Amino acid sequence: MSIVFKDVTKTYLHKGKEINALRPTSLTIHEGEIFGLIGFSGAGKSTLLRLINMLESPTSGTIHVGDVEMTALSNKDLRIKRQKIGMIFQQFNLIESKTVAENINFVLKAADYPKDKRDGRIDELLELVGLSDKKTVYPKNLSGGQKQRVGIARALANDPDVLLSDEATSALDPDTTKTILSLLKRINKELGITIVVITHEMEVIKELAERVGVMSDGEIIELGDVYQIFSQPEHEVTRGFVQDIYDFEVPAHIEETAENQIITLKFLRESAEENHLNKLYRNYDLSISILNGRVEYINGIPLGILMLQVTGEANEIRRLIESIDKTPGVERAEIYD
Ligand SMILES: Nc1ncnc2c1ncn2[C@@H]1O[C@H](COP(=O)(O)OP(=O)(O)OP(=O)(O)O)[C@@H](O)[C@H]1O
Ligand SMILES: [Mg+2]
């Protein structure tokens, strides 16, 4: 189901002061996509997410989930609609005094799921998240990753069209994070659920999302497909988030002078798999040595990054740089720090 924000704002009143948690925002999240939201603490990510299921109501503007205008629903209709919008959290929010099965049963019951079908549904969900053997276990005896799997099972209990994830992997170690991200991917593919994920880790975006919005100070300051954002970030905040992949250390003894320059190149998409170095070596009277390099795969598309030391006459170096700037698919990377 698609999610459409039209001119939405959210202002909180805190001790008599207004906080613009979301400045005027129009945004469309497409049906069936995995959309990421990244930003620093306080940027307004959770506010935006909680507006989708109206855990917060907007100060102005309208929000549609599918063709339902959330902002126009009565309390009763909102309660029903919310059952079709699952949510998972960093702290899992499980009921500690209930077993895994009872935790899931709790939301089935709340949604008036037919009583005689609940057991079957619980088994189905636990199978989906790989926890069939943990039915009667209490949360305190589960690992973090297992708790989040219960969280996911519970969020999916009522067959939602949308799944909202607020830092769902932030409390998990990197390996467990990977398994949860691939579970979310599978859920998206197999069940066709639209997923919105909040994170402050670009790695999560890279693994999981197809498009991403970067938030800062209550605004989406940059929006695009994940490859675009990684390879050609525009806003300073975005550059800060992606800089890790461009960050190569320069050995201390290597100096930049007029005759000796360090150039970092980006090779976009197919261009990352072509042999550009041959041309550089052949056509220029320069000494070129490789200082560092790697190829990142983002949504399976290559992004090559190569740091070169180029030594020779200033004019020849300039000629090289001019030619690089004219080559499609090749760009000079600024060092984003
Ligand atoms: N219930 C509230 N009352 C008053 N101010 C709030 C409330 N909820 C959030 N805020 C403020 O709104 C702004 C955005 O908060 P929000 O929780 O959406 O940010 P976030 O991007 O999710 O941050 P984090 O990464 O820390 O979770 C912050 O300045 C926050 O202090
Ligand atoms: Mg938050």
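Small disclaimer: the values here were computed from a predicted structure and weren't measured. Every heavy atom of this structure was used, including side-chain atoms; hydrogens, water molecules and symmetry mates were not.
Residues F267 and L306 have side chains in contact (heavy-atom distance under 4.5 Å, counting atoms from C-beta outward). Under the 4.5 Å side-chain criterion, counting only non-hydrogen atoms from C-beta, M70 is not in contact with I52. Here the side chains of I317 and L286 are in contact, with some heavy-atom distance below 4.5 Å. Residues Y246 and R239 have side chains not in contact (no heavy-atom distance under 4.5 Å, counting atoms from C-beta outward). In this structure the side chain of E210 never reaches within 4.5 angstrom of the side chain of H30, judged on heavy atoms. Side-chain contact between K10 and L48 is absent, with no heavy atoms from C-beta onward closer than 4.5 Å.
Residue K6 places its NZ atom among 12 or fewer non-hydrogen atoms of other residues, nucleotides or ligands, all under 6.0 Å distant. Counting heavy-atom neighbours within 6.0 Å of F106 CZ, excluding the residue itself, gives a total of 12 or less. For D133, the CG atom counts as densely surrounded, since its 6.0 Å shell holds more than 12 non-hydrogen atoms of other residues, nucleotides or ligands.
Pairs of residues two or more places apart, or lying in two chains, never qualify as salt bridge (Lys or Arg N to Asp or Glu O under 4.0 Å) while including a residue from residues 267-279. Within the structure, every pair that satisfies the side-chain hydrogen bond (donor to acceptor under 3.5 Å, both in side chains) test and touches residues 314-329, not counting sequence neighbours, is listed here: Y284-S323, N315-R318, E316-R319, D325-R332.
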Problem set entry | Working for side-chain hydrogen bond (donor to acceptor under 3.5 Å, both in side chains), residues D173 and T176 | CA-CA 5 Å; D173 64 64; T176 311; 2.9 Å; yes
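Counting all heavy atoms, side chain and backbone alike, K266 lies closest to A333 at CG-CB, 3.7 Å. Of all non-hydrogen atoms in L163 and A155, the two that sit nearest each other are CD1-CB, 3.6 Å. Here the closest non-hydrogen pair linking L156 and P160 is O-CD, 3.4 Å. Nearest heavy atom pair, residue R149 against residue L131, reads CB-CD1, 3.5 Å. Pairing each heavy atom of T169 with each of T177, the nearest pair is O-OG1, 3.5 Å. Nearest heavy atoms, L223 versus R211: CD2-NH1, 4.3 Å.
I180 and L208 fall within a single hydrophobic cluster, where Ile, Leu, Val, Met, Phe, Trp and Tyr side chains are chained together by heavy-atom contacts under 4.5 Å. Cluster membership for L108 and L128, using ILVMFWY side-chain heavy atoms within less than 4.5 angstrom, is shared.
Atoms CD1 and CG, from I301 and D225 in turn, are 7.0 Å apart once rounded to the nearest 0.5 Å. One distance of note links NZ of K147 with CD of E96; it measures 5.5 Å at 0.5 Å rounding.
The pair D159-R121 counts as a salt bridge, with a side-chain nitrogen and a carboxylate oxygen less than 4.0 angstrom apart. A salt bridge does not link K45 to D166: none of the charged side-chain nitrogens sits closer than 4.0 Å to a carboxylate oxygen.
Checked against the 6.0 Å centroid threshold, Y297 and F230 do not count as a close aromatic pair.
For the side chain to side chain contact (heavy atoms under 4.5 Å, CB included) with V4, the lone residue among T28, D67, I63 that qualifies is T28.
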